[in-house]
Amino acid sequence: MNPSDHAAADYFSLPGLPISQAIGEGTASVEAVLNLLVDTSTWIDLAERRDGQKWIVTLRQLIGQGALRLLVPNLVIVEFEQNRPRVEQAMTTRVSDRFRLLRADIGTIYDQDDLGNALKTLDGLAHHVPLIGAMTTRNYDDVLELLGLGERLEPGSYENDRVVQRGLNKKAPFHRSRNSVADALLIELYIRHS
């Protein structure tokens with residue numbers, strides 16, 4: 001590993017340190033910005049995650065530092081908002097199912113003496129289910145806020161023509177039958193704006 005590789009590694013372990021300082025004195029300052037275009041399903045997955053806030057906060061900080069630029073097609077925002085009720089209902093159902101299964105498992109694990117205490121504890125935890133729903137709502141709101149911080153991308157005739165050409169040439173994502181025109185449009189928007 002040469003010295004500049006060590007310097008780059010040090011940069012990533014020291015938040016806020018300018019690259020010019022990490023590389024060493026006398027070298028040109030380099031400002032790198034990561035252009036990131038993320039599909040709707042990934043944003044939905046992030047909103048559903050219990051640990052979603054650590055990712056959301058990190059993305060917000062990188063955007064604030066100018067190290068990350070989100071490229072956000074309007075289609076992603078529309079799809080994200082359309083899926084919100086379905087995802088929130090699915091999260092509530094999953095949590096309720098988990099409690100039902102835990103209740104059944106507790107009945108097989110504990111003897112009669114401890115069963116009452118275990119079920120009492122579980123019932124106490126069940127009161128926290130609304131907090132889990134609120135967490136999902138917060139994650140959704142925060143992801144939507146992140147998307148609002150991004151650069152809005154609207155497809156034009158250039159991207160539409162390129163999508164058609166991709167389809168005719170059987171280029172990704174049209175090389176498989178399960179992908180759509182929307183996926184091809186995201187690819188073209190990223191190529192054009194990154």
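In this chain, residues are counted from 1 in sequence order.
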For this session: Looking only at non-hydrogen atoms, find the nearest pair between L46 and I56 and report the distance.
Result: CD2-CG1, 3.9 Å
For this session: Measure across G66 and V33 and return the closest heavy-atom pair with its distance rounded to 0.1 Å.
Result: O-CG2, 3.3 Å
Seminar exercise, completed: On a heavy-atom basis, the closest approach of V87 and Y140 is CG2-OH, 3.6 Å
For this session: Determine whether F80 and R84 make a side-chain contact, defined as any pair of heavy atoms from C-beta on separated by less than 4.5 Å.
Result: no
For this session: Output yes when a side-chain donor or acceptor of E79 lies under 3.5 Å from a complementary backbone atom of V76, and no otherwise.
Result: no
Exercise. Between D161 and R166, does a salt bridge (charged side-chain N to carboxylate O under 4.0 Å, His left out) hold up when you go through it step by step?
Worked result: CA-CA 9 Å; D161 292 345; R166 276 182 177 276; over 6 Å; no
Exercise. Salt bridge (charged side-chain N to carboxylate O under 4.0 Å, His left out) between D142 and R138: does it pass, once the steps are laid out?
Worked result: CA-CA 6 Å; D142 288 351; R138 177 173 180 196; 3.4 Å; yes
For this session: Work out which heavy atom in P155 is nearest to a heavy atom in N160; give both atom names and the distance.
Result: CB-OD1, 4.2 Å
Exercise. How many angstroms lie between CD1 in I191 and CD in E159, if you round to the nearest 0.5 Å?
Worked result: 10.0 Å
Exercise. About how many Å separate CG of L36 and CD of E151, when rounded to the nearest 0.5 Å?
Worked result: 12.5 Å
Exercise. Considering residues at least two apart in sequence or located in another chain, which fulfil the side chain to side chain donor-acceptor pair (under 3.5 Å) criterion with E145?
Worked result: none
Problem set entry | Nearest heavy-atom neighbours spanning Y190 and L37 | CD1-CB, 3.5 Å
For this session: Using a 4.5 Å cut-off on heavy atoms from C-beta on, say whether the side chain of R69 contacts that of L34.
Result: no
Exercise. Are a donor atom and an acceptor atom from the side chains of E48 and N139 found within less than 3.5 Å of each other?
Worked result: no
Exercise. Cluster question for you: counting only ILVMFWY and a side-chain heavy-atom cut-off of under 4.5 Å, with indirect links fine, are L70 and L75 together?
Worked result: no
For this session: Supply the atom-to-atom distance L149 CG to L59 CG, rounded to the nearest 0.5 angstrom.
Result: 10.5 Å
Exercise. How many angstroms lie between CD in E154 and CG in L185, if you round to the nearest 0.5 Å?
Worked result: 9.5 Å
For this session: Given salt bridge (charged side-chain N to carboxylate O under 4.0 Å, His left out), test D51 with K54 step by step and report yes or no.
Result: CA-CA 6 Å; D51 65 346; K54 77 177 181 184; 3.7 Å; yes
Exercise. Can you find a heavy atom in the side chain of I187 that is under 4.5 Å from one in the side chain of K171?
Worked result: no
Exercise. When you look at N35 and H193, which way does the side-chain contact (heavy atoms from CB on, under 4.5 Å) test go after all the steps?
Worked result: CA-CA 9 Å; N35 291 312; H193 294 278; over 6 Å; no
Exercise. Are the side chains of L153 and V72 in touch, meaning some heavy atoms are under 4.5 Å apart?
Worked result: no
Exercise. Does V181 share a hydrophobic cluster with L186, counting links as ILVMFWY side-chain heavy atoms below 4.5 Å and allowing steps through other members?
Worked result: yes
Problem set entry | W43 side, atom CH2; L146 side, atom CG - distance, nearest 0.5 Å | 5.5 Å
